[in-house]
Protein chains: 2
Amino acid sequence: MAPRTVLDEGFVPVEKQKTYELVADHLIAMIGDRRLRPGDALPTEKELATRFRVGRSSVREALRILESKGLIRSLGKGSFVVAPSLNPLSESLLLLFTLREATMRELFEVRKLLEVQTVALAAERRTRADLKRMEQAIRDMDEGIASPHRYIAADLQFHLAIAEATKNRIVARLMHAIRGLLQRALFTIYDIPGSPQRSLEQHRQIFSAILKKDASEARTRMIEHLSRVEHDIRNILGGKAWEQYIRPLDEV
Amino acid sequence: MAPRTVLDEGFVPVEKQKTYELVADHLIAMIGDRRLRPGDALPTEKELATRFRVGRSSVREALRILESKGLIRSLGKGSFVVAPSLNPLSESLLLLFTLREATMRELFEVRKLLEVQTVALAAERRTRADLKRMEQAIRDMDEGIASPHRYIAADLQFHLAIAEATKNRIVARLMHAIRGLLQRALFTIYDIPGSPQRSLEQHRQIFSAILKKDASEARTRMIEHLSRVEHDIRNILGGKAWEQYIRPLDEV
DNA sequence: TTGATCTGCTTGTCTGACAGTAGGATATTC
DNA sequence: GAATATCCTACTGTCAGACAAGCAGATCAA
């Protein structure tokens, strides 16, 4: 082994805090402890600059950081608003696709891993409010079965309700992010004859397991459901798209 | 229902592409199709500005975006380098904590959900190379058991090797991100007498299950392992920290 | 060869400028 | 008086120019 200096680990490159980072951190902290709440408009750039005693360029670079973290949004015209607790995970997941470092197959597999366990937890923890949301989603799906938009939106609601029934916000976020990316693929299988009906039926089975608090059955039903959906998507997309780096655009 | 205009959904606010976004997208695309590869140094700001025919401020704002997405790093002195495929998910996950929208409990639960399934997949798909990595990690853990740093680094290696044995890059990234956040908590339990030894032993059991391609046993062993670790962490941290919004700093 | 000094170049930062535009205030029209 | 047109202001988005600090390579000295 090479000779070792005392306190070897201590010698990391010394970090010079850049002004724009300071500003960004400050703003993030303010959002973190709710001094800036979702919906609030930020002061103008000039005001921020004078308040922080920095140049406008530093403020702007800080704003770009917050923006790309999904914390604020540059509303068409001018002022900024704190985003309504949107999902930073979505962005990163999308980025993986943009960088061609993830395929549909992988994404779907993650979903399966996660959601199978999620539904089991949900079955144990669901409250009456959760059940109500799920029922509503199933109803919406039934009523909107003729409209891809309504149908798929309701589908999303159902799965999100399950995720949220775990009372684990990270799980909910993850599911949200994953579903967002899968959305386009789901549109493609909507057109398979009988597919929406089958999904609806499977949702009912999942729901009934959750209702009974039967985690094990919920798991089984979810596996069935996801396997079928996966099978359908694969059939329609074909192996190429499935294994390639799809760019699932248009957010909802 | 309200009267409905034809093509209702088509009327979304028209998006004006901002210069800095164009520049950022362009650069991201270049990284995406590998025209800029990890390790490459970007041209200087001035050169980018003249090449893209934009002002330096636009370039800088674009760079801030890439930076906060973890695609480039502002190396101490000056020039930029494309980051070595680092993890955008880590950033977002960390952000959730900064914003106090996730607790230790939740994070650990996600890890459990994920890793239990992951180890099962890994048991089915592991190659000889994967096994070698795991063995090496176990050896390192054994030899470094007296040094928290070495021990925990090896621990991380073991779990990452499992994640990568799934051949699913999203799984690997997720695990990496989660572990990064948990790192600090793991340091705290290192000091529990006998804890490292027990972990080591459990790792050996998990490894043997993976070796036998016994997915179900791997799952069981992993549950045992994670439950014990969770139990230890909880005992040390106490319920308060467990349920509070810990900021698990210092990346590794 | 080693060490010191000088000279550009690059980043980080600030300031000033200007076009485009959103929104409110004001004037105009019926 | 209500609806409509017009004007003003202020803010963002963008650029250009300036300057300090620091690094890297070149040059020079020992």
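Here is the naming used below: chain letters follow the sequence lines, and residue numbers restart at 1 for every chain.
What separates CG of A:Leu22 from P of C:dC14 is a distance of 11 Å, to the nearest Å. A:Gln17 places its CD atom 10 Å from the P atom of C:dT13, with the value rounded to the nearest Å. Protein atom CZ of A:Arg73 is 17 Å distant from nucleotide atom C1' of D:dT12, rounded to whole Å. C:dT11 atom C1' lies 16 Å from atom CD of B:Glu61, rounded to whole Å. Atom P of nucleotide D:dA16 and atom CD of B:Glu45 are separated by 14 Å, given to the nearest angstrom. Spacing between atom CG of B:Leu48 and atom P of D:dC15 amounts to 13 Å, rounded to whole angstrom units. One atom, CG of B:Leu63, and another, C1' of C:dG12, lie 12 Å apart when rounded to the nearest Å. Note: CD1 (B:Ile72) to P (C:dT11) measures 11 Å, nearest angstrom.
With sequence neighbours left out, B:Glu230 forms a salt bridge (Lys or Arg N to Asp or Glu O under 4.0 Å) with B:Lys112, B:Arg234. In terms of the salt bridge (Lys or Arg N to Asp or Glu O under 4.0 Å) criterion, residue partners of A:Arg51 (sequence neighbours excluded) are, by chain and number, A:Glu47. Shown here are the salt bridge (Lys or Arg N to Asp or Glu O under 4.0 Å) partners of A:Asp140, two or more places apart in sequence or in another chain: there are none. Partners of B:Leu22 according to the side-chain contact (heavy atoms from CB on, under 4.5 Å) rule, which considers only residues two or more places apart in sequence or in another chain, are B:Gln17. Not counting sequence neighbours, A:Thr50 has no partner by the side-chain contact (heavy atoms from CB on, under 4.5 Å) test. Looking at residues two or more places apart in sequence or on another chain, you find a side-chain hydrogen bond (donor to acceptor under 3.5 Å, both in side chains) between B:Ser92 and A:Ser92. A search for side-chain hydrogen bond (donor to acceptor under 3.5 Å, both in side chains) contacts involving A:Arg56 returns A:Glu45, not counting sequence neighbours.
Of the candidates C:dT10, D:dC11, C:dC14, C:dT10 carries the atom nearest the B:Thr44 side chain, counting heavy atoms from C-beta on. Among the nucleotides D:dG13, C:dC14, C:dG12, the one closest to any side-chain atom of A:Lys18 is C:dG12. The side chain of A:Thr19 lies closest to C:dC14, out of D:dG13, C:dC14, C:dT11.
Stem analysis of DNA chain C (Watson-Crick or G-U pairs, both distances under 3.5 Å, runs of at least three) returns C:1-30 with D:1-30.
The aromatic rings of A:Tyr190 and A:Tyr151 sit tilted, their planes meeting at an angle between 30° and 60°.
The pair A:Arg64-B:Glu61 counts as a salt bridge, with a side-chain nitrogen and a carboxylate oxygen less than 4.0 angstrom apart.
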Under 3.5 Å, N/O pairs linking protein and nucleotides 15-17 of chain C:
unit_1, atom_1, unit_2, atom_2, d
C:dA17, N6, A:Arg56, NH2, 3.3

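For A:Arg60, a side-chain nitrogen or oxygen approaches OP1 or OP2 of D:dG13 to under 4.0 Å.
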